Amino acid sequence: MSKGLIIVAAMGLMASTANAQMSDYGYKINEKVGGYHISKCKIDEDNDLNFCSIKMVNKIKDIAQSPVNFGKESVLLKFWDTGINYWVYGAVNKKTKTVFLYPRGLRAMNGDSKNVSLTFGKNRDRICTAGDNMDMIGDEYIKAYSDAEKDVDYCVKYDDKDGFDYMDRVDSKTRLPV
């Protein structure tokens with residue numbers, strides 16, 4: 001094999017494996033799968049859902065065919081993770097084909113774990129807890145929260161370009177920061 005052909009083959013191999021990176025938290029980030037850019041493959045190392053799998057990307061492709069219903073260019077994603085017993089939310093930007101994951105798992109503290117109460121803001125640009133029966137499950141790197149207060153909820157803003165932002169404590173009626 002010629003020297004030039006070996007170099008070209010080696011460069012192609014490096015380009016195909018240099019796609020994903022590891023975050024400081026040990027998660028795969030910035031993976032490209034099936035034409036979609038996945039900002040983070042999992043929200044927890046122990047959960048069953050891997051957003052960088054072909055099976056999951058195919059589900060996301062189907063959901064992305066829906067009309068925009070979150071942010072200005074995105075479709076809301078929602079999957080139940082049976083391994084850890086929580087909802088995993090996210091959004092796929094239809095124009096850029098970028099998938100952003102909400103940074104925590106969501107479940108009810110009492111009763112049926114799947115019975116979560118959320119709002120999405122008047123512009124559908126955030127995910128907020130509603131009521132006082134919500135657990136926002138973090139992991140060893142992402143802080144967990146419990147919304148057990150009637151007068152306070154927790155909101156995470158969403159931007160079509162940058163994904164989910166930091167968490168705000170808000171008044172449950174006015175939605176103003178507390």
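Keep in mind the model is a prediction, meaning the values are calculated, not measured. Atoms considered below: every heavy atom in the structure, side chains included; atoms not considered: hydrogens, waters and symmetry mates.
- In this structure, Phe79 is not a member of the same hydrophobic cluster as Met134, with clusters built from ILVMFWY side-chain heavy atoms closer than 4.5 Å.
- Ring geometry for Tyr89 against Phe120 counts as tilted: the plane angle lies between 30° and 60°, on a 0 to 90° scale.
- Nearest heavy atom pair, residue Asn93 against residue Thr96, reads OD1-N, 2.9 Å.
- No chain of hydrophobic side-chain contacts below 4.5 Å, direct or via other Ile, Leu, Val, Met, Phe, Trp or Tyr residues, connects Ile137 to Trp87.
- If you take NZ on Lys78 and CD1 on Ile127, they are separated by 10.5 Å, rounding to the nearest 0.5 Å.
- The aromatic ring centres of Tyr154 and Tyr145 sit less than 6.0 Å apart.
- A salt bridge links Arg175 and Asp153; the closest N-O separation between the charged side-chain nitrogens and carboxylate oxygens is under 4.0 Å.
- Ile84 and Leu101 end up in the same hydrophobic cluster when Ile, Leu, Val, Met, Phe, Trp and Tyr side chains are linked at under 4.5 Å.
- To the nearest 0.5 Å, the span separating CG on Asn115 from CE on Met109 amounts to 12.5 Å.
- No side-chain heavy atom of Asp125 sits under 4.5 Å from any side-chain heavy atom of Phe70.
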Determine whether Tyr102 and Phe164 satisfy the following criterion, ring pair (Phe, Tyr, Trp, His ring centres under 6.0 Å), listing intermediate values before the conclusion.
CA-CA 6 Å; Tyr102 181 87; Phe164 290 94; 5.6 Å; yes
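- When all heavy atoms of Asp81 and Asp48 are compared, the closest pair comes out as OD2-N, 2.9 Å.
- A side-chain donor from one of Ser146 and Asp135 sits under 3.5 Å from a side-chain acceptor of the other.
- For the pair Leu77 and Val92, the minimum side-chain heavy-atom distance is below 4.5 Å.
- For residues 74-178, the set of pairs meeting the disulfide (SG to SG under 2.5 Å) definition, not counting sequence neighbours, comprises Cys128-Cys155.
- Ile43 and Trp80 fall into different hydrophobic clusters, where Ile, Leu, Val, Met, Phe, Trp and Tyr are joined by side-chain heavy atoms under 4.5 Å apart, directly or via other members.
- Ion pairing between Lys40 and Glu31 fails under the 4.0 Å rule for side-chain N and carboxylate O.
- Distance CG/Leu106 to OG/Ser113: 12.0 Å, rounded to 0.5 Å.
- Side-chain contact check for Met136 versus Met167: some heavy-atom pair is nearer than 4.5 Å.
- Leu76 and Leu49 fall into different hydrophobic clusters, where Ile, Leu, Val, Met, Phe, Trp and Tyr residues are linked whenever their side-chain heavy atoms come under 4.5 Å apart, directly or through other members.
- In this structure, OG in Ser39 is found 7.5 Å from CG in Asn30, a value given to the nearest 0.5 Å.
- The distance from atom NZ of Lys32 to atom CD1 of Ile38, rounded to the nearest 0.5 Å, is 10.5 Å.
- Between atom CD of residue Glu149 and atom CG of residue Asp132 there is a gap of 9.5 Å, rounded to the nearest 0.5 Å.
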* Can Tyr86 and Val116 be said to form a side chain to side chain contact (heavy atoms under 4.5 Å, CB included), step by step? -> CA-CA 10 Å; Tyr86 57 58; Val116 299; over 6 Å; no
Evaluation steps, side chain to side chain contact (heavy atoms under 4.5 Å, CB included), between Val99 and His37: CA-CA 6 Å; Val99 176; His37 177 256; over 6 Å; no
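- The two residues Asp171 and Val178 come nearest to each other via the heavy atoms N-CG1, 3.5 Å.
- Not one N or O on the side chain of Ser117 forms a donor-acceptor pair closer than 3.5 Å with the backbone of Gly131.
- Within a 6.0 Å sphere centred on NZ of Lys94, other residues, nucleotides and ligands contribute more than 12 heavy atoms.
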Scan the side chains in residues 55-63 for donor-acceptor partners under 3.5 Å anywhere in the protein, sequence neighbours excluded, and list what turns up.
unit_1, atom_1, unit_2, atom_2, d
Asn58, ND2, Ile54, O, 3.3
Lys61, NZ, Gly34, O, 3.1

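- Listed for the Asp168 side chain is no donor-acceptor partner under 3.5 Å among the backbone atoms of Val170.
- Proximity of a side-chain donor or acceptor of Arg126 to a complementary backbone N or O of Thr119 within less than 3.5 Å is not detected.
- Applying the disulfide (SG to SG under 2.5 Å) test to pairs two or more places apart or on separate chains, none has a residue in residues 70-107.
- Side-chain contact annotation: Tyr158 with Ser74, donor-acceptor N/O pair under 3.5 Å present.
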